[in-house]
Structures are given as structure tokens and as C-alpha cells.
Asks: 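Before we start, here is the structure in question, set down as C-alpha cells.
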Amino acid sequence: MRFETKLLHNGNEIDPYTGAASIPMYQASTFHQFSIDQPGEFDYARSGNPTRKALEETIAQLEGGCKGFAFASGMAAISTVFLLFSRGDHLIVSQDVYGGTYRVLTKVFERMGIETSFVDTTDLEQVVQAIQPHTKAIYIETPSNPLLKVTDIRGIVNIAQAHGFRTIVDNTFLTPYFQRPFSLGVDIVIHSATKFIAGHSDVIAGLVVVKDEDLAEELSLLQNSFGAILGVHDAWLVLRGIKTLKARMELSTRSAEKVALWLQQHPGVERVYYTGLPSHEGHYLQDAQASGHGAVLSFDLGSKERVRQLLDHVKLPIVAVSLGAVESILSYPALMSHASMPPEVRQKHGITDGLLRLSVGLESADDLIEDLAQALESRLTIAVGK
Ligand SMILES: *Cc1c(COP(=O)(O)O)cnc(C)c1O
């Protein structure tokens, strides 16, 4: 069965108890045991709930993994995965990892004796250099945020397997529609389902899928023990979002390509970062390990003033943190996602004061381009008027 069919037919689309065409919200915290000698499948909803289970089985199938887990947020998913490690363990993590991941590693897990080296994982040599006697895992995000740097997943897996490390991929930006890390040998896949998987800017959720039974057992214990589970209503919203994943990813990606090409030729834009452009340094690697380039791109206007003028005049995209929704979202990394990074460090990593990130939604690409055009023009008018 092809992936897009699996989005709708994966064994979790019909309620086994009533035949309902949408898995109901089993809004129950506990379940009656008809016989204490033969406990039912569900007992207490932290350990398991039918609605959440349908979502967990769906994402496991879509990623091609062994077992899925749904959490209250992407960060709850990521943090629970880090609970696999113990005092004295060392992790190698992509340097431009999601800000919340950086924060939980440096402010929380470090205090508990788990050490992390942040390296440019697009350079495999640097990954090898960072290996220590107690290294236990390599954690990557590809493409990364906000410059869409591409890490060679197979290369990372080769290094990890040679040393017995686990590999973990945050697959939020591409989703299994475009990228299946398990097929490249990865052990654990994580999502902020808040983004493309749910897709409607109306839910915070996280998902984890593991490759094998051993990890499934470890993660089951952690999910039940730590308890950062996804609520029933939110699980239902994510299940509904998944049904349209193909349609949303296809359309947004096609529009993102169009917008990226248009931005690239605009005289007011200094640089465009989109893996779909052959000029992007990760373009060919991305083609080799994923089947598409996704709906997120970044572009540099050169200064904070020009960013301000664009944001003041743009009408269609909402100006906000987050990405991966039906509506386009413009973010300003310097003051939003990367505000906690010291300005020198930010600049050094290319996250300049002129950089904007655009997550392209389902609006007409032509309308988006016209809107960006008038916002960029208004800048020119103001400049001339001065
Ligand atoms: C948003 C995001 C997260 C965190 O997810 P939440 O659902 O906000 O907790 C993690 N990784 C990436 C790549 C993200 O974009």
C-alpha cells in the first residue's frame, strides 16, 4: 500500500467497538475491569487510552517503526527520549538544534550529569572528533532550523553503528511523507506534531517512534513513569490532521518552491535558504535521503529595519513562532526562536538580524508572492520618501 493510502487506511481509522468512521474521543481516565482475573486492554489512561493508541499505532505505521508514543508536546517527547540516558552519558547533538532541545539539554539534563557536545553534524568529521568514551547517542535535526542545513543521515548512522551509539532524528520539518529515517537505519524518530503532522495551529503535541522491541519496552516504561502523555482531545485532533498530510505537504511544498524562486530573483532579498534550490548546499544530499524539500524556507533582507518594514506591511502570513500549518507563518528567528542566543553567536551561525523564516501554507502561491511583493515595495517607497 502506498504511503498516501496508509494515511487513511492503516487499521486505526474505524472504531473497533462501534464502527464509527472517526475514532471517538474516549474521554475516560479509568476503565472498568470486567474480571479481575482477566484485566482488560485498558486500565488507567496514563498507561493507555483507545484514542491515543490509535494515534500511536498510526504514526508507527507511517514511519515504518515498531511502536509509537504520543506526548503532551514535542518537548515532552524529546525530554522523555533523553530519559533513556543516565548520569555520565555523553550525547552528540546538532549545533542548530531546536531552541527548546538546546535548553532542556543545557539547563536540565546537564545538571543531572548528562553531557552534550553541540557540533555541526553536516560535517561528519566534526561528529567523529566529538566522540568520547561515554558517548551513547547522536541526535540530529535535518533539515535544521532556520538555515535548512542538511545532515547526511546515512553517514551519521554509519558512525553510530561502528561505535554502538543510538541515533535519534527530529523529523518535524519533513514528516514521514518526505523523509523516513528508519529506512536509513535510525533508531528513534521524534516529531513536534504541533507542526505539519497536526497542521492546523490548534494543538500542541509530540510523537516518538522506535525501531525495535527493546526500545519500545524502554520507552513504554518512561512514558508511563514520567507521564507526559497526550490528552484525548488533542490525540483526536492529531489523528484528524494526519488524514490530510499528503494534500497539505504537496501543496505547501509546491508553493514554497515557487515563493523561493521568486524571492531569489528579487533585488531586495540578499539570500534565500531552501533545500529545493539547486544553489542550496544541501540540495543534492536532501534529494538522496528524502523525497521532497518541504514547505519551510528562510530569506535574508540584510537588516532589522527591512525586516520590520516587511512585517509591518505583509498581510497574508501570520507573524508568529511555529510552522507547518494551513496558514503561512512568518517568523523572525533573531527575536523569536533564537532570542536566547548571544548576538555574536547568532551572527556567526548565519542567523542575522535580516533573516526571516517562512512556513508556506495553503494560500495561493501567487497571492503570497503578490503580498510579499507589495510589502517589499512599501519598503522601497519609504526609503525613497526619506
Ligand atoms: C516546535 C519544534 C519542537 C518542539 O515542539 P513543541 O510541540 O513546541 O513542544 C521540536 N523540534 C522542532 C524541529 C520544532 O520545530
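Computed from a prediction, not measured in an experiment: that's the story for all the values here. Both ligands and their constituent atoms are indexed starting at 1 by order of listing.
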Asks: With the threshold set at 4.0 Å, does a side-chain nitrogen-carboxylate oxygen contact exist between E57 and K53?
Replies: yes

Asks: Give every pair made of an N or O atom of ligand 1 and a protein N or O atom lying under 3.5 Å apart, one pair per line with both atom names and the distance to 0.1 Å, or write 'none'.
Replies:
{"from": "ligand 1", "atom 1": "5 (O)", "to": "S192", "atom 2": "OG", "distance (Å)": "2.9"}
{"from": "ligand 1", "atom 1": "7 (O)", "to": "G74", "atom 2": "N", "distance (Å)": "2.9"}
{"from": "ligand 1", "atom 1": "7 (O)", "to": "S192", "atom 2": "OG", "distance (Å)": "2.9"}
{"from": "ligand 1", "atom 1": "7 (O)", "to": "T194", "atom 2": "OG1", "distance (Å)": "2.6"}
{"from": "ligand 1", "atom 1": "9 (O)", "to": "G74", "atom 2": "N", "distance (Å)": "3.0"}
{"from": "ligand 1", "atom 1": "9 (O)", "to": "M75", "atom 2": "N", "distance (Å)": "2.8"}
{"from": "ligand 1", "atom 1": "11 (N)", "to": "D170", "atom 2": "OD2", "distance (Å)": "2.7"}
{"from": "ligand 1", "atom 1": "15 (O)", "to": "K195", "atom 2": "NZ", "distance (Å)": "2.7"}

Asks: Does a side-chain N-to-carboxylate-O contact under 4.0 Å join K211 and D187?
Replies: yes

Asks: Quick check: is V307 connected to L330 through a chain of hydrophobic side chains (ILVMFWY, heavy atoms under 4.5 Å apart)?
Replies: yes

Asks: Tell me whether E217 is salt-bridged to K67, with the criterion being a basic N under 4.0 Å from an acidic carboxylate O.
Replies: no

Asks: Would you call D300-R271 a salt bridge at under 4.0 Å N-O?
Replies: no

Asks: Consider ring-ring contact (aromatic ring centres under 6.0 Å, His included). Of Y26, Y17, F31, which one does F42 pass it with?
Replies: F31

